[in-house]
Every structure is written in C-alpha cells, then in structure tokens.
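Along the sequence shown, residues carry numbers from 1.
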Amino acid sequence: IHALADGIHVVGVGDFVPPLLFSRKTGETTMLKSAPRQPLIAEEVSISTNGRWLCMVGHAGARLDVADLLRTKAAPTIVVWDMRELAIASRIPLTKPAHHIAISSDGLFVAASDRSGVIMYRRSTGKAISSYSGPTPQSYLLDFLPNSSIVAIGTSSSMTIYRGSKVSYPNHYIAFWDVVANRLVGKIDLPNERGALWSMRISADGEYLAAGKQDHTGVWLWKLSHMQ
C-alpha cells in the first residue's frame, strides 16, 4: 500500500490484479486500467514524489504459476501508470528481475536496480540511457529528486566479506547520479560496518532525504537543498 502526495488517495497493489486506487474522502475504489498481458506477480512498487506516476515491476504472462517463476520463463516487466488518466503509460521489458525501481516526477525517466547495479531508462521509449555500478555487488535503493534528472542510489546490502582471516564490509553510501549527464554529482558516505539502508525516501519538496538503518538502530535525515 502506498499513499499519494495529495493525502487523499492510497494505491494498493497485489498479485494477479491491476493496482487499486482508494479515496480516503469518499471511500470509493477504482481499478487502474490494464492491458491483457499485465504483470501478474507484483514485486516492487514506486510512486513519483508528486504522485503523478506509479511504477511497478513484476513478471508478465497470460498464464503464470510458481513453476513458471522457478523456471524463470516469466518475463520481468516494468509498467508505468499515469495517475491522472488512471491508465498505463508505458511498458519496459527487462532482461532480468529488478529489486528496486523509481520514476522521476516528470515521468521522463525510470531507474531499476539489481545486485549488479542500476540501469536508467527513458520511459517513453523503454531504452536504457544510463547506468551505474558500485565497487562491490549489492542491492541499491532508489528515489528521484523532485523535478530533476538526479536519482539517489543508496546501498542496502548488510553482507560481511571474508578474505581468509580478515573480515571487511562493503562500502555504504548514497550516490546522486544525473541520468541526463550520465555522471556522479554527489555522494554521502556511510559507516561501512553499520551503514546498510533498509529504506530511503526524498521529501516532496526535495529538501530532505530520510533513510532507515538496516540494523534497526535509527533513521538518518539529511538536508538536500544544496543538491538542487
């Protein structure tokens, strides 16, 4: 379940049905329009900071069961809904599953991550236009700055690296990547041992970034006005 920026509507996403839009004011429920080959297994959902775009990644297939998923025959797909029209705006087929996704507030760019890095797509064409990979394989959380082509990329793997008798941890950080310029524009370094993130979100005005720590010891909060 995800709340929209208007404070009135809530989106609920489940398996085998299109997303449902709930109104807190009226209590009405609206099913978002979907084509026949919709993603049937929803794995990750993201909403743009202004609430205009809903982005979902899942496995598509007219007939899909657990056996299909285990045999990896089901195609991973990103579907983007325009929340003003309550209809699908784009479909982006993927070559492998994505762990996390995000969409820019203008709807121009979609970012998807797995353990090998992050790929950014142009929503209208579905073509990859930029990519990012860190020094060590790990999961990456994603969120776009409002009205910007800059995506925040936060590390979320809490793995321990063993090399013989030596123990080390992956570098943890939040990187700011400009999709258009295809370059790093900022970085926040986090403690290596306890810096893995559980969640990450940028405020609707772009002033603040909040991140929950994966070891459940607290929440970090940064002011990001200097990134605009």
Please list, chain by chain and in numerical order, all residues satisfying side chain to side chain contact (heavy atoms under 4.5 Å, CB included) with [X], sequence neighbours excluded.
X	result
Thr125	Arg122, Lys127
Ala112	Ile78, Ala98, Ile101, Tyr121
Thr30	Leu21, Leu86
Trp222	Ile174, Ile188, Leu190, Leu209, Ala211, Trp220, Leu224

Could I get the full list of side chain to side chain donor-acceptor pair (under 3.5 Å) partners for [X], not counting sequence neighbours?
X	value
Asp114	Lys96, Ser116
Ser130	Trp177, Asn182
Ser124	none
Asp106	Ser104

For this session: Any salt bridge (Lys or Arg N to Asp or Glu O under 4.0 Å) involving residues 139-155? Give me the pairs, sequence neighbours left out, ordered by first then second residue.
Result: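 Those involving residues 139-155 are Asp143-Arg201.
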
Problem set entry | All salt bridge (charged side-chain N to carboxylate O under 4.0 Å, His left out) counterparts of Arg123, not counting sequence neighbours |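 Once residues adjacent in sequence are excluded, Arg123 has no partner under the salt bridge (charged side-chain N to carboxylate O under 4.0 Å, His left out) criterion.
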
Exercise. How does the hydrophobic cluster around Tyr208 look, that is, which other residues are in it when side-chain heavy atoms under 4.5 Å mark a link?
Worked result: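 Besides Tyr208, the cluster holds Leu221.
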
For this session: Indicate the ring-plane relationship of Phe144 and Phe109, choosing parallel, tilted or perpendicular according to the 30° and 60° boundaries.
Result: parallel

